[in-house]
*Asks:* 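The following block contains the structure, expressed as structure tokens.
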Amino acid sequence: MGSLRTQVGIVGAGPAGLLLGHLLHLNGIDSIIVESRSREYVIDRVRAGVLEQGTVDLLMAMGVGAGLERRGLRHDGLFISFRGRRHHIDMADLTGGKAITVYGQNEVVKDLIESRIATTRPLYFDAEHVSFSAVDSSSPIIRFRHGGVDREIHCDFVAGCDGFHGICRPSIPNGVLATYERVYPFGWLGILAEAAPSSDELVYTCHERGFALFSMRSPTITRLYCQVPPDESIDGWSDGAIWEEMLTRMTTSDGWKPNVGRIIQKGVTPMRSFVAAPMRHGRLFLAGDAAHIVPPTGAKGLNLAASDVLVLARAMKAFYERGRSDWLDEYSDVCVRRVWKAQRFSWWMTSTLHRFPDENAFDHQRQIADLDYLTSSRAAMTSLAEQYVGLAPEVSFESAGL
Ligand code: FAD
Ligand code: PHB
């Protein structure tokens, strides 16, 4: 049995866990990260692409933004497309110069793993049977098996950064958390294709046949999504059928359409809105998807994870440096307010752009009027733009030691 000691035990090496580990490191706070998957699996998982202005600023301030600076694609605007026409929203103009950056989540995770390894602080991949106990005491214990050896980490705090399907949230006793959930009657079929992006900016499309989204990963890789039934099997979709559906939904009357290329990755993702609160039980703090899920239409999930751990790092810094626990006590309230604003925005983007199986002709005409208003009113475009580029950070970077 290997017995280890640290200040903060972090469960999960996704964006939340890795960012928290690095923020703590920058403040001289020790942590051990325990991840159930392999390093390759964590890096190869294709997910988010859009970083808010504040997330970009955070990564730069943390000194982990070199790859982002070199390969990230800054977008000052986006397109909303309906009735065969693309309408431009100039986000930078509407928000006093703010933008989003397209940089794959797997790139973010790869950069953060390299930074973690450079600090020489521990990160265990392929951890089996991860569990913990005594989070209601001042010395919780995380247990796991690694390389055939049972290990125990004695720590001051546990950070539950293990995503929606992790063990941390479900291990909180019944009755402690309130949960709020909406499951949508559709999912997204997503592909990566070897094709140069045919637009410099994202295109969100509401088509008679359903939602579609044009995005990208690099000057040679296009990322596309289209709305499908929630239980759709990817095996039923040939590459030819995927291209036909994507092109039908996205081609506009001026002839714009995505470039076609070899499909190198494809999958179907269900859509859900979920919040669990409070994001704390005793010495266990939940962060990121472990506490909340948003449908990807607003591109907020990874950004919320980054916001949570900034607030948590500030609270832990104050605890270790000044013996203050009031920021730990406020952690959940500060995060949950932002989470609900992101939930509202993601729900609104989702309901404005998707077709619902139970909608009637009235609902659809109202939806088109919503899009017409959105793309013709500066006030409405400003509202979308300021939420899409991201609301101001909940706490200052300085307060988290940056
Ligand atoms: P995760 O990334 O899920 O990481 C959790 C980690 O914990 C994983 O590595 C997991 O293997 C590990 N783990 C699980 N169980 C255990 C255990 N028992 N022990 C140890 N480790 C464990 N967000 C955006 O901001 N912008 C976007 O453009 C965007 N697009 C998206 C598109 C799609 C198709 C999808 C699916 C999501 C998208 N998101 C987007 C959401 C974003 O990917 C997530 O919100 C983000 O991954 C959350 O990070 P996390 O670290 O909280 O959780
Ligand atoms: C992506 O590029 O993967 C992406 C972009 C915008 C979204 C969701 C995903 O809203």
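Each ligand, and each atom within it, is numbered from 1 in the order the structure gives.
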*Asks:* Heavy-atom cut-off of under 4.0 Å around ligand 2: list whichever protein residues fall inside it, by chain and number.
*Replies:* Arg47, Gly49, Val50, Trp188, Leu202, Tyr204, Leu213, Ser215, Arg217, Arg223, Tyr225, Pro296, Thr297, Ala299
*Asks:* Pair Ser133, Arg143 - check side chain to side chain donor-acceptor pair (under 3.5 Å), show working.
*Replies:* CA-CA 8 Å; Ser133 60; Arg143 296 189 177 82; 3.0 Å; yes
*Asks:* Ligand 1 and Trp188, any nitrogen or oxygen pair closer than 3.5 angstrom?
*Replies:* no
*Asks:* Based purely on interatomic distance, does Gly166 place a nitrogen or oxygen under 3.5 Å from a nitrogen or oxygen of ligand 1?
*Replies:* no
*Asks:* Does the N or O separation between Arg37 and ligand 1 drop below 3.5 Å for any pair?
*Replies:* no
*Asks:* Within the 3.5 Å criterion, strictly below it, is a donor on Tyr320 or Asn27 matched to an acceptor on the partner's side chain?
*Replies:* no
*Asks:* Looking at ligand 1, is there an atom of it that comes within less than 4.0 Å of some heavy atom belonging to His165?
*Replies:* no
*Asks:* Is the closest heavy atom of Tyr225 to ligand 1 under 4.0 Å?
*Replies:* yes
*Asks:* Below 4.0 angstrom from a heavy atom of Arg45, which ligand 1 atoms are there? Numbered from 1 as shown, please.
*Replies:* 8 (C), 9 (O), 10 (C), 11 (O)
*Asks:* Test of understanding: given a 4.0 Å heavy-atom threshold, classify the contact between Val34 and ligand 1 as side chain, backbone, both, or neither.
*Replies:* backbone
*Asks:* Can you check whether Ile293's main-chain N or O pairs, donor with acceptor, with Arg272's side chain at less than 3.5 Å?
*Replies:* no
*Asks:* With sequence neighbours left out, what residues match Asp162 under salt bridge (charged side-chain N to carboxylate O under 4.0 Å, His left out)?
*Replies:* none
*Asks:* Judging by distance only, is a nitrogen or oxygen of Ala299 under 3.5 angstrom from one on ligand 1?
*Replies:* yes
*Asks:* Strictly by modelled atom types, are Tyr184 and Ser273 linked by a side-chain donor-acceptor pair under 3.5 Å?
*Replies:* yes
*Asks:* Is it the case that the side chains of Trp237 and Glu232 hold a donor-acceptor pair, with the cut-off being a distance below 3.5 Å and no angle test?
*Replies:* yes
*Asks:* Give me the one residue out of Leu58, Leu20, Val334 that meets side chain to side chain contact (heavy atoms under 4.5 Å, CB included) with Leu310.
*Replies:* Leu58
*Asks:* Judging by distance only, is a nitrogen or oxygen of Gly301 under 3.5 angstrom from one on ligand 1?
*Replies:* yes
*Asks:* Gly14 heavy atoms, cut-off 4.0 Å: which ligand 1 atoms fall inside?
*Replies:* 4 (O), 6 (C), 9 (O), 51 (O)
*Asks:* When you measure from the heavy atoms of Gly49 to every atom of ligand 1, does any distance fall below 4.0 Å?
*Replies:* yes
*Asks:* Is the shortest N/O to N/O distance between Val11 and ligand 1 below 3.5 Å?
*Replies:* no
*Asks:* May I ask you to check if ligand 1 and Pro15 share an N or O to N or O distance below 3.5 Å?
*Replies:* yes
*Asks:* Taking only non-hydrogen atoms of Cys161, do any sit less than 4.0 angstrom from ligand 1?
*Replies:* yes
*Asks:* Parallel under 30°, tilted from 30 to 60°, perpendicular over 60°: which one fits the rings of Phe211 and Tyr204?
*Replies:* tilted
*Asks:* In terms of atom number and element, which parts of ligand 1 are under 4.0 angstrom from non-hydrogen atoms of Gly163?
*Replies:* 3 (O), 5 (C), 53 (O)
*Asks:* Between Gln53 and Asp57, does any side-chain donor sit less than 3.5 Å from a side-chain acceptor?
*Replies:* yes
*Asks:* If you count the non-hydrogen atoms of other residues, nucleotides and ligands that lie under 6.0 Å from NZ in Lys257, is the total more than 12?
*Replies:* no
*Asks:* Does Glu35 reach ligand 1 with a nitrogen or oxygen that is under 3.5 Å from one of the ligand's nitrogen or oxygen atoms?
*Replies:* yes
*Asks:* Show the atoms of ligand 1 that are less than 4.0 angstrom away from any heavy atom in Asp289.
*Replies:* 44 (C), 45 (O), 46 (C), 48 (C), 52 (O), 53 (O)
*Asks:* Check each atom of ligand 1 against the heavy atoms of Ile167 and keep those under 4.0 Å away; list them by number with element.
*Replies:* 18 (N)
*Asks:* Take Glu386 and Lys98 through the salt bridge (charged side-chain N to carboxylate O under 4.0 Å, His left out) test and state the conclusion after the steps.
*Replies:* CA-CA 8 Å; Glu386 73 173 358; Lys98 292 188 187 149; over 6 Å; no
*Asks:* Under a 4.0 Å heavy-atom limit, does Gln105 contact ligand 1 with its side chain, its backbone, both, or neither?
*Replies:* side chain
*Asks:* Do Phe79 and Trp256 have ring centres separated by under 6.0 Å?
*Replies:* no
*Asks:* Is there a polar contact between ligand 1 and Thr269, counting only N or O atoms under 3.5 Å apart?
*Replies:* no
*Asks:* What atoms of ligand 1 come within less than 4.0 Å of a heavy atom belonging to Lys300?
*Replies:* 24 (C), 25 (O)
*Asks:* For ligand 1, does Val50 get within less than 4.0 Å through its side chain, its backbone, both, or neither, judged by non-hydrogen atoms?
*Replies:* both
